[in-house]
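Data block below; observations after.
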Amino acid sequence: MGNADNDSAVGAVSPSLPRQEDGPKDRLHVVRGNDRRRKEPALVDHEAEVQSREKSATAREDAALLREDAALLREDASNLREVAARVREGEAYLREGIAAAREQAMRTVEAGQAGSDEHMAKLREANSHLVTATIEAYKLAEQVQAAQVQLDHLARHDVLTDLPNRLLLNDRLAQAIALARRQGKQLALMFLDLDRFKYINDSLGHTVGDQLLQLVAKRLTACVRSSDTVCRQGGDEFVILLADIEHTADAGLSAQKILTALVVPYFVNQHELDVTVSIGISIFPNDGQDADTLIKNADTAMYHAKASGRNNFQFFEQRMSILAVERHSIEVGLRRALERCEFVLYYQPKINLHSNKIVGVEALIRWQHPERGLLLPGDFISIAEDSGLILPIGRWVLREASSQAQVWRQAGLPPVTIAVNTSALEFGAKGFVENIRRTLEETGLEPCHLELELTESVLMRDAESSNFLLHMLADLGVRVAVDDFGTGYSSLSYLKQFPIDTLKIDQSFVNDITSDPDGAAIVGAVTSMGKSLNLCVIAEGVETPEQRAFLVAQHCDEGQGYYFGRPMPPEALAALLKKGLPAPPL
Ligand code: C2E
Ligand code: CA
Ligand code: CA
């Protein structure tokens, strides 16, 4: 091409031709292994609740990553489109060049009837241009085709795993539904979500996370038939379409095969990784007539698999969807509750077991729902956490409780420490400590009269950053209590290291102290451990005089529970503070 005649159209094309190896391939971006987080039905399993909180903690971050991924893919696709356009342009030039060369040849033949040497040379030259241009045009056509194939593939596959993406799944699912409907057959859709993938991503980094996702994708593909479709939905979520099943139970067998295959450890960058998966299954036609419904219901069933202890599969049931609708309506209501001032705080007294005096109160939120009446935190806190609404709600609770404590002080009531519950999402949120500092400043509450209650799992999730935050709180002079102590996993060495003030023994242990020797032993041991670490020990859920007597005998510092007083509105608590508690039985 390079030595083509300068006047010819062919020669003009050459310098601007795109080289395919410089093209979009180099600019493809690897999609991060982000794990999507979102709503989960109201469920009983504590572990699932914890998991749900963890999921919500990164919901917005993940949504941002997904948006980023989508933008990168769009960029890649547009690059490819550009290349294809440029190649097409080149092809058009070449065609013009060929036509021009052909014309020139004709002219030469006409002009050179006498067959002079000069004319013959021109004819040969024109001919050689024609051949070169034809070869070039052919090459360009091939490049256009290759770019088009690449573009089509990219649009319908996941960049990281090369599995089909949602777009391709939707096509295949629509076809499979149409076929199953015509043939009166069933099909199954599985929604898979890796268990605790976020821990791997967070602790070992996205590169390890991404490699793990690629290995998982390979194992999944190996588990199913070639007629089935394994698709990556995004993050650590996969969907499998079993296009043709005889019986519903067949989907269960496939799910079990996947669970067994995935449980074998993975080796990535010298790390041995254990990953399990939770699977939800929906069946056409019983659980949905269209693609969206089948995916949504399989997703709902997957969350029930998580709630049932993970590493298992669940078939969709109608009741699951009722729970999901219920959750949605709570979430919608929560969004308006703050603006409409529908939240109220109740206060429960904490008693010094030796002096029998109220030394603190715990602020416990209630929602005065316009239709449902007074709702307890169990009805809405986990949804507030999942949706991120816990952040503005938490800020409201802190301000309201701090102002209330000041109102009591100014009314001349005995000073009490005010305890505020703090969710995982709040603790890790940007500006968390700064908001506390500002609230204290604005309400005038002394920092030593504020205590934050944090659960063990929140503190232990990322011990290093917890330690950092706890030191910032200690510098501020704010107290910290470990709530529900005994229900999570605490590392004793961290417990010693963290600047905390109080251990709050969970009510499940207190419940047992007078009926179960093990319960009594646990409370006794935790009390003496707390005291040896110089911590204040408080028992929650004290309901009977016997429980109180046991705690006093164990030298437990404080007690909280229905025996001393239920959570109550601020006026009632003020009256109790004024009057004091009745003398304990001897
Ligand atoms: P928690 O922090 O463990 O609070 C103690 C719970 O035990 C409260 O339930 C309280 O009413 C209840 N309780 C107190 N004494 C007794 C007793 O003697 N027997 C029994 N059976 N229960 C007792 P509540 O108010 O329903 O709150 C439930 C949970 O909701 C709280 O558990 C806390 O984790 C969360 N929560 C409450 N308010 C807030 C808040 O403002 N922010 C956040 N993030 N969470 C909150
Ligand atoms: Ca608490
Ligand atoms: Ca508690």
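Worth saying up front: this structure is predicted, and the values here are computed from it rather than measured. Note that ligands are numbered from 1 as they come in the structure, with each ligand's atoms numbered from 1 the same way. No hydrogens, no waters, no symmetry mates; every other heavy atom, side chains included, goes into these values.
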Check residues 558-581 and write down every donor-acceptor pair under 3.5 Å in which the side-chain atom is one partner and the other belongs to a residue at least two apart or another chain.
| residue | atom | partner | partner atom | Å |
| --- | --- | --- | --- | --- |
| Gln560 | OE1 | Lys504 | NZ | 2.9 |
| Gln560 | NE2 | Gln348 | OE1 | 2.7 |
| Gln560 | NE2 | Glu362 | OE1 | 2.7 |

Could you please tell me which protein N, O or S atoms lie under 3.0 Å from the Ca ion (ligand 2)? Glu362 OE2, Asn421 OD1, Glu453 OE1, Asp483 OD2
Under a 3.5 Å cutoff, is there a donor and acceptor pairing between the side chains of Ser465 and Asp462? yes
Which of these, Asn421, Thr455, Thr544, has its nearest heavy atom closest to atom 2 (O) of ligand 1? Asn421
Per-atom filter on ligand 1: closer than 4.0 angstrom to a heavy atom of Gln348 are 14 (C), 15 (N)
Evaluate the criterion side chain to side chain contact (heavy atoms under 4.5 Å, CB included) for residue pair Leu213 and Arg232; output intermediate values, then yes/no. CA-CA 10 Å; Leu213 286 171; Arg232 178 164 176 239; 3.7 Å; yes
Can you tell which part of Val397 has a heavy atom less than 4.0 Å from ligand 1: side chain, backbone, both or neither? side chain
Please classify the Asp484 to ligand 1 contact at 4.0 Å (heavy-atom distances, strictly less than): side chain, backbone, both or neither. side chain
Side chain, backbone, both or neither: Arg566 near ligand 1, heavy atoms under 4.0 Å: neither
When you measure from atom 8 (C) of ligand 1 to each heavy atom in Leu364, Asp506, Leu376, Asn511, which option holds the nearest one? Leu364
Best match, Glu540, Glu362, Gln507, Glu400: closest heavy atom to atom 7 (O) of ligand 1: Gln507
Does the side chain of Ser278 come under 3.5 Å of the side chain of Asp193 through a donor N or O and an acceptor N or O? no
With a 4.0 Å cut-off, would you call Arg399 and Glu442 a salt bridge? yes
So does His555 have more than 12 non-hydrogen atoms from other groups sitting under 6.0 Å from NE2? no
